[in-house]
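The chain is numbered in sequence order, starting from 1. Because the structure is a prediction, the values reported are computed rather than measured. Just so you know, ligand 1 is whichever comes first in the structure, and atom 1 is the first atom listed for that ligand.
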Amino acid sequence: MTTRIGILISGRGSNMLALAGAMREGRLPGVEIALVVSDHADAAGLQRAREIGLKTAVVERAGRTREAHDRAIVAELQTHQVEIVCLAGYMRLLSKYFIDTYRNRILNIHPSLLPAFPGLDAHRQVIEHGVKWTGCTVHFVDESLDGGPIIGQRVVPVLDDDTEETLAARILEQEHELYAEALALVVSGRYEIHGRRVIRKS
Ligand code: GRF
């Protein structure tokens with residue numbers, strides 16, 4: 001039995017490629033990428049996805065309401081029998097319809113140690129705030145902004161001479177490993193959600 005995942009991107013797609021790489025290397029046994037969806041036809045990640053043989057779909061907003069757009073995306077995902085959705089640099093908030101349809105089966109990756117620094121420009125927020133440690137978080141998506149139950153985190157130092165770019169690169173390396181690990185846990189089903197807590201079952 002394979003678990004079919006859908007990956008939503010808006011841009012470069014390095015986390016999507018990292019998940020594909022983890023599958024190739026056997027770090028995500030029983031997981032298959034059924035579809036990569038982008039809300040932008042010119043997302044660099046789309047071309048990369050096609051190059052490695054993944055199925056892709058472009059579902060642009062095209063002036064529709066958030067829910068109408070999401071209904072079109074969900075229809076694509078369902079056509080491809082997607083069971084778990086991974087947001088990987090997908091730059092739009094999801095509607096309640098989308099979240100309800102895939103409740104507790106949507107994952108997101110965010111480049112900070114949530115609940116610190118949610119939202120846009122996390123790296124800039126981190127540097128401006130002056131924290132010494134940051135990292136990345138994979139969490140379930142609920143109606144809150146970057147606020148759903150946390151599946152996994154990785155920590156990285158903030159160095160005195162960091163720019164947004166150097167910090168982002170250090171975090172991104174960890175994102176690529178963390179996302180595969182967190183997805184493996186979710187696919188294994190060896191966890192329970194207690195309130196906000198994701199607890200591993202042995
Ligand atoms: C990553 O930093 C991710 O944490 C954030 O958006 C960025 C996407 O990068 N949500 P990529 O498109 O996966 O390369």
| request: Please report which non-hydrogen protein atom sits nearest to atom 6 (O) of ligand 1, along with the residue it belongs to and the distance in Å to one decimal place. | output: G89 CA, 3.6 Å

| task | Using non-hydrogen atoms of the residue, decide whether G45 is closer than 4.0 angstrom to ligand 1. | result | no

| How close does the nearest protein non-hydrogen atom get to atom 10 (N) of ligand 1, and which residue and atom is it? | I109 O, 2.9 Å

| said: Applying a strict under-4.5 Å side-chain criterion to I, L, V, M, F, W and Y, I'd like to know whether Y191 and I109 cluster together. | reply: yes

| said: Checking side-chain polar atoms at under 3.5 Å, does H110 have a donor or acceptor matched by the opposite partner on S112? | reply: yes

| task | State plainly whether the residues R4 and E83 are in salt-bridge range, i.e. N to O under 4.0 Å. | result | no

| request: Look only at the side chain of R12 and the backbone of A44, and say whether a donor-acceptor pair between them is shorter than 3.5 Å. | output: no

| query | In the protein, what heavy atom is nearest to atom 9 (O) of ligand 1, and what distance, to one decimal place, separates them? | reply | R12 NH2, 3.1 Å

| query | Looking only at distance, does N15 have an N or O less than 3.5 Å from an N or O of ligand 1? | reply | yes

| field | Taking atom 11 (P) of ligand 1 as the reference point, the nearest protein heavy atom with its distance | value | S14 N, 3.4 Å

| request: For atom 12 (O) of ligand 1, find the nearest protein heavy atom and state the residue, atom name and distance (0.1 Å precision). | output: G13 N, 2.8 Å

| query | Hey, is the main chain of A41 close enough, under 3.5 Å, to the side chain of E60 for a donor-acceptor pair? | reply | yes

| remark: Nearest non-hydrogen contact to atom 3 (C) of ligand 1 from the set E175, H176, R48 belongs to E175

| query | What are the two closest non-hydrogen atoms of L87 and Y179, and how far apart are they? | reply | O-OH, 2.8 Å

